[in-house]
Amino acid sequence: MSFRSDEDTWPTGFVGAVYEVLVRRIPPKTKSKHLHDIVDVLMEVLCKGELYLDITSYKPTLDLREPGWPESHVKALQISGWIDSDKSPIVLDGSQLGWKRWYQDMKLVVNELLDRSNTLPKLSSIASTVSSKLPDELNDEQKQAVVSIDSHNLVLISGGPGTGKTSTIVQILARSITLQRELRVALCAPTGKAARRLQDSIQKAVRHLPQIKREELSSLPCVTLHRLLQAGTRGFQRNKGNPLSLDLLVVDEMSMVDLALMRALLNALPENCQLVLVGDQDQLPPVGSGSVWHTLYSEHLKNNFLHCSIQLQHVYRNKGDLEMMSRTLRGEGLVAFVEKSNALKNHSNFSFHNASLRNIPPFISQKIKAHNARLNEFSSELLKSISSYPKISTIEQPQSIEIADKIFNCLDDLMVLCPKRKGLWSVDHIHRLCLRGFPEVGINSWPEGFPVMSGENQPELGLANGDIGILIGENQDRRILFKLISEDGKLNLTLIHPARLHRLEPALALTIHKSQGSEAKEVVILWPSDLKEPRIDINQKRRLNELYEIRLLYTAITRAIERVDLITPS
DNA sequence: ACCCAGTG
């Protein structure tokens, strides 16, 4: 039986019928309700994105047909013949119980990564002859990360927000191109927005580098993993038969990469290509099943990767309560987080609010309105400064460039985040509430200065999924201002006619998933579920859900540089 | 529920 990676979308009827299907395809020696329980429990964890569970600690939450979990179920499994032949669908490896095919796939991925980590890079001999002097602005952890590419084909870099992952990446790239000219390098991330953000921060970070390196690094391609592997309806066009022609690949935001995508990547990656994986264990798990990053850092595996993994610990941003609250959430969980929130002072840079789910608290909508008003003001200022508007497509007058920069900086002042796309306090809901004064549906009725997002890759325009632009001008003169990076690495301020964009969405509010990788001065989080819900019974289902909630909330909070307002239902 | 990508 074949599985797709997005099994979360399976209809419930199908999930319930998995046992029946399995029994028909692979008849067990003995059918039993115990066996049925095991399949249901495996489906239960699968819905949470887990491919296997630890039978010694996992407590099922669904009603089991038979008592005696897990001993009597394991016994039934052993006599069923479902774990001891080639065709058997389930595997019990020590205390790990899982779907055999996925379990083996994950094992293959882990083993291939281990092999790569133990392979010496082509450049290692050259590296030893080159001065090992590293820039002084790097700390010891970061230096260690940079030199580790001299001796390992695989390097894992993990660290929370503000630990300098991007500057480490830039130094790795700088060192690599010093060692070998014409090195073929690519950068990628799981989401379009994260890829663009990476490109943006690399542009900023290379300013400190010598001219030659700066030019080479700022023109590096930076795309989604799907795009790099040329995903299409027939799967990935980059594969074993058509591998990527690369010497070094950096993948950022690894926590969002699932098993299927990782397999596709390794499948398309030449043996001698160096791989640098970067991520944060505390951030979001992938949407599909099989969190590769969290598996690599799990208790029983992480020691195998010690030789090639670097943990960036030193946090450069010190943000008072903001830092304290995110540390509490990550380290102690939701209960401690809610408790601490009650003790926050009034002038804290982390505020809790309650509101009715039908509205946004007035002072938050004030904040949003003020933000929009500033964007509106700057965009009409820009419009006035362009003498040949709307005939031009690229902004080149220095004065206009300055104003456009002001617009994009202003965009980074405020970020409104929601866990969901639809429903109460979703991205859609916020947009409906904020655009209420603009009754006509469609972009022409939205106010000038309003942020919009491209929901699709449009390479012919140099536009990636997740790129955010600003509405300029009205009616037939309406254009969207995008900050794009051309192929030669130059920053381009481009005005695009709305009709040329295939999919355009309001981008005042973002899903937390999309926000991963970017940051803003202030973050407003609308959290529609109750954080204070008592969690008395500490069983595993709650823990899985809670772990997910923690990562989601943690990701949202850590987008903020200066301030967070967290709003929960009253 | 969330991501990516392309199509009926």
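Residue numbering restarts at 1 for every chain, and letters A, B, ... go by the order of the sequence lines.
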Exercise for review: Looking at every strand, decide which applies to A/Pro286 at a 4.0 Å heavy-atom threshold: base, sugar-phosphate, or nothing.
Suggested key: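 A/Pro286: no heavy atom of the nucleic acid under 4.0 Å.
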Rounded distance (Å) that lies between atom [atom2] of [N] and atom [atom1] of [X]:
| X | N | atom1 | atom2 | result |
| --- | --- | --- | --- | --- |
| A/Glu549 | B/dC2 | CD | P | 15 Å |
| A/Lys514 | B/dA1 | NZ | C1' | 14 Å |
| A/Ile550 | B/dA1 | CD1 | P | 21 Å |
| A/Leu510 | B/dC2 | CG | P | 13 Å |
| A/Lys193 | B/dC3 | NZ | P | 13 Å |
| A/Lys420 | B/dA1 | NZ | P | 7 Å |
| A/Arg196 | B/dC4 | CZ | P | 13 Å |
| A/Leu225 | B/dC3 | CG | C1' | 11 Å |

**Study point:** Within residues 504-516 of chain A or reaching into it, pairs that qualify as salt bridge (Lys or Arg N to Asp or Glu O under 4.0 Å) - sequence neighbours excluded
**Key:**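 Every salt bridge (Lys or Arg N to Asp or Glu O under 4.0 Å) pair that includes a residue of residues 504-516 of chain A, provided the two are not neighbours, is A/Arg421-A/Glu505.
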Just distance, no hydrogens or angles: give the donor-acceptor pairs under 3.5 Å from side chains in residues 218-226 of chain A, sequence neighbours left out.
residue	atom	partner	partner atom	Å
A/Ser218	OG	A/Arg214	O	2.9
A/Ser218	OG	A/Glu215	O	3.4
A/Ser219	OG	A/Glu215	O	3.3
A/Ser219	OG	A/Glu216	O	3.2
A/Thr224	OG1	A/Arg227	N	3.1

Practice item. With sequence neighbours excluded, tell me which residues meet ring-ring contact (aromatic ring centres under 6.0 Å, His included) with A/His353. Key: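 Checked A/His353 against ring-ring contact (aromatic ring centres under 6.0 Å, His included); matches are A/Phe363.
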Practice item. Could I get the full list of ring-ring contact (aromatic ring centres under 6.0 Å, His included) partners for A/Phe352, not counting sequence neighbours? Key: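 For A/Phe352 the ring-ring contact (aromatic ring centres under 6.0 Å, His included) partners, ignoring immediate neighbours, are A/Phe337, A/Phe350.
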Review point. Can you tell me if CG on A/Asp63 sees more than 12 non-hydrogen neighbours from other groups inside 6.0 Å?
Key: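 Count not over threshold, so no.
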Practice item. List in chain and number order the residues that pass salt bridge (charged side-chain N to carboxylate O under 4.0 Å, His left out) with A/Lys521, two or more places apart in sequence or in another chain; answer none if no residue qualifies. Key: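 In terms of salt bridge (charged side-chain N to carboxylate O under 4.0 Å, His left out), with neighbours along the sequence ignored, A/Lys521 is linked to A/Asp413.
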List every contact pair, protein side and nucleotides 5-8 of chain B side both N or O, where the distance is under 3.5 Å.
residue	atom	partner	partner atom	Å
B/dA5	OP1	A/Thr224	OG1	2.7
B/dA5	OP1	A/Asn457	ND2	2.6
B/dA5	OP2	A/Asn465	ND2	3.3

